[in-house]
Amino acid sequence: MARIIEKTNLNDTTIKFVVKAPEIAKKALPGQFIILRLDERGERVPFTISGVDGENVTIIVQVVGGTTMRMNGLKAGDGFLDFVGPLGKPTELDDLKGKNICVIGGGLGTAIAYPQAKYLHEIGANVDVIMGFKNKDIIILEDELENCSDNLYITTDDGSYGRQGFVTQVLENLLNEGKIYDHVLTIGPAIMMKNVVNITKVHDIPTTVSMNSIMVDGTGMCGCCRLTVGGEMKFACVDGPDFDGFLVDFDEAMNRSRNYATEEREHICNLTG
Ligand code: FES
């Protein structure tokens, strides 16, 4: 049982959990994730590690489905039956030392982008961060990202904070104004990453995307997280979650994630009656 040390509601739909997991904390690197299970009957759900402090691991969770609704009912002192990790390959960041990097996150993707931006900042990269949210009520990690970036741009769909619009518009404007990036890292909804890649391809900027596929075992055995990259079948859990954005078949990935929408709706109905 992995014990919850701290639970903080960052806003109405986003929760931060600090979980005691010394073995994971010892090894975890940016880009890696854990898979947790609430109890014997619970589904296995992956969450990217958003930070490590001593023996503790931080994950940030958006309440979007049955399991995350149940997690919202937990408190400090409760625990997760399984809390397994670190899984996946760490993001390759060390070669980006001294380079101009743009980190782009959307929504909860911000929680995943944060450790990447922090690590890059610490190794001496020049880091611009562009973060997009639906509205100001769901903005997270603004202070933390401010502290590890050279420039932080925040967008909201409705204009209630920062610039109105999408992260892609900010990226396009910066590039059109002559900003030069050696590499772009992006994490968020697949459609956002696809649109980022459509821009970076034109400017020939290598782009790493983090594929948040649905996962079951997290060990490459079940095939649930498969996706096509460069015409080959890959598994997000063991080959990723990071991939060369120019090679990912985003349309297929988006279709696959829609396949589970009915089951998720039924799960939520069962929980809420
Ligand atoms: Fe089963 Fe990746 S989660 S193969």
Side-chain angles (χ1 to χ4, degrees), residues 1-88 90-91 103 105-122 129 131 133-149 152 154 161 187-188 210 212 215 218 241 268 271:
M1 181 74 79
R3 195 66 57 200
I4 299 168
I5 303 295
E6 188 187 311
K7 178 199 171 197
T8 313
N9 285 78
L10 301 180
N11 54 49
D12 287 349
T13 55
T14 315
I15 320 161
K16 180 171 106 171
F17 287 100
V18 178
V19 181
K20 186 164 183 184
E23 290 308 311
I24 299 175
K26 221 187 286 173
K27 299 182 205 145
L29 289 168
Q32 291 188 295
F33 62 94
I34 57 95
I35 286 186
L36 64 77
R37 200 162 59 119
L38 297 183
D39 52 38
E40 291 86 357
R41 297 185 57 214
E43 61 179 343
R44 294 160 60 85
V45 188
F47 294 101
T48 301
I49 296 167
S50 187
V52 167
D53 185 12
E55 296 191 323
N56 299 332
V57 168
T58 299
I59 56 170
I60 295 183
V61 174
Q62 194 168 22
V63 182
V64 288
T67 296
T68 48
M69 283 171 70
R70 288 185 61 204
M71 288 171 74
N72 201 15
L74 299 175
K75 56 187 185 316
D78 292 337
F80 302 113
L81 178 65
D82 298 329
F83 196 81
V84 180
L87 299 167
T91 310
V103 178
L108 192 69
T110 305
I112 302 159
Y114 168 57
Q116 298 176 337
K118 184 166 178 272
Y119 189 91
L120 286 165
H121 182 69
E122 285 167 1
V129 175
M131 290 296 139
F133 301 90
K134 279 199 176 115
N135 59 56
K136 87 171 185 335
D137 296 337
I138 59 169
I139 292 173
I140 54 171
L141 299 173
E142 181 179 3
D143 292 344
E144 290 84 345
L145 286 161
E146 188 80 61
N147 288 337
C148 65
S149 60
L152 172 63
I154 295 184
Y161 193 83
I187 168 68
S210 181
N212 41 8
M215 295 185 189
I268 291 171
L271 286 171

**Asked** Under a 4.5 Å cut-off applied to non-hydrogen side-chain atoms, are Asn212 and Phe33 in contact?
**Response** no

**Message:** As an exercise, state the distance from CG of Leu87 to CD1 of Ile24, rounded to the nearest 0.5 Å.
**Reply:** 8.0 Å

**Request:** Answer yes or no: is there a donor N or O on one side and an acceptor on the other, between the side chain of Ser50 and the main chain of Ala111, under 3.5 Å?
**Result:** yes

**Request:** Report the distance from atom CG of Asp82 to atom CE of Met1, rounding to the nearest 0.5 Å.
**Result:** 9.5 Å

**Request:** Find the distance between CD (Glu142) and OH (Tyr114) and round it off to the nearest 0.5 Å.
**Result:** 13.5 Å

**Request:** Report yes if the side chains of Val129 and His121 come closer than 4.5 Å at any heavy-atom pair, otherwise no.
**Result:** no

**Asked** Going from CD1 on Ile5 to CG on Asp53, what distance comes out if it is rounded to the nearest 0.5 angstrom?
**Response** 11.0 Å

**Asked** Does the side chain of Leu38 come within less than 4.5 Å of Leu74's, by heavy atoms?
**Response** yes

**Asked** Between the main-chain N or O of Glu144 and the side-chain N or O of Asn147, is there a donor-acceptor pair closer than 3.5 Å?
**Response** no

**Message:** Tell me if a side-chain donor or acceptor on Arg37 pairs with a main-chain N or O of Glu40 at a distance below 3.5 Å.
**Reply:** yes

**Message:** Please give me the minimum heavy-atom distance between Ala25 and Gly54, naming the atom from each residue.
**Reply:** CB-O, 3.3 Å

**Prompt:** If you take all heavy atoms of Gly109 and Ile187, which pair is closest and at what distance?
**Reply:** O-CG2, 3.4 Å

**Prompt:** Looking at Ile138 and Asn11, what are the two nearest heavy atoms and their distance?
**Reply:** CA-ND2, 3.2 Å

**Asked** So how far is it from Ile139 CD1 to Thr14 OG1, rounded to the nearest 0.5 Å?
**Response** 11.0 Å

**Item:** Nearest atoms (heavy-atom pairs only) where Gly88 meets Pro241
**Value:** CA-CD, 4.2 Å

**Request:** Please find out if less than 6.0 Å separates the ring center of Tyr161 from that of Phe133.
**Result:** no

**Message:** Tell me if a side-chain donor or acceptor on Lys7 pairs with a main-chain N or O of Asn72 at a distance below 3.5 Å.
**Reply:** yes

**Prompt:** Shortest non-hydrogen contact from Ile60 to Phe47?
**Reply:** O-CD2, 4.4 Å

**Prompt:** Between Thr48 and Gln32, what is the shortest heavy-atom contact and its length?
**Reply:** CG2-O, 3.4 Å

**Item:** Candidate pair Phe17 and Phe80, rule ring pair (Phe, Tyr, Trp, His ring centres under 6.0 Å), full reasoning
**Value:** CA-CA 11 Å; Phe17 287 100; Phe80 302 113; 5.8 Å; yes

**Asked** Is there side-chain contact between Ile49 and Pro86, with heavy atoms separated by less than 4.5 Å?
**Response** yes

**Request:** Rounded to the nearest 0.5 Å, what's the gap from CG on Asp39 to CZ on Arg70? Could you check?
**Result:** 4.5 Å

**Request:** Report yes if the side chains of Met71 and Leu36 come closer than 4.5 Å at any heavy-atom pair, otherwise no.
**Result:** yes

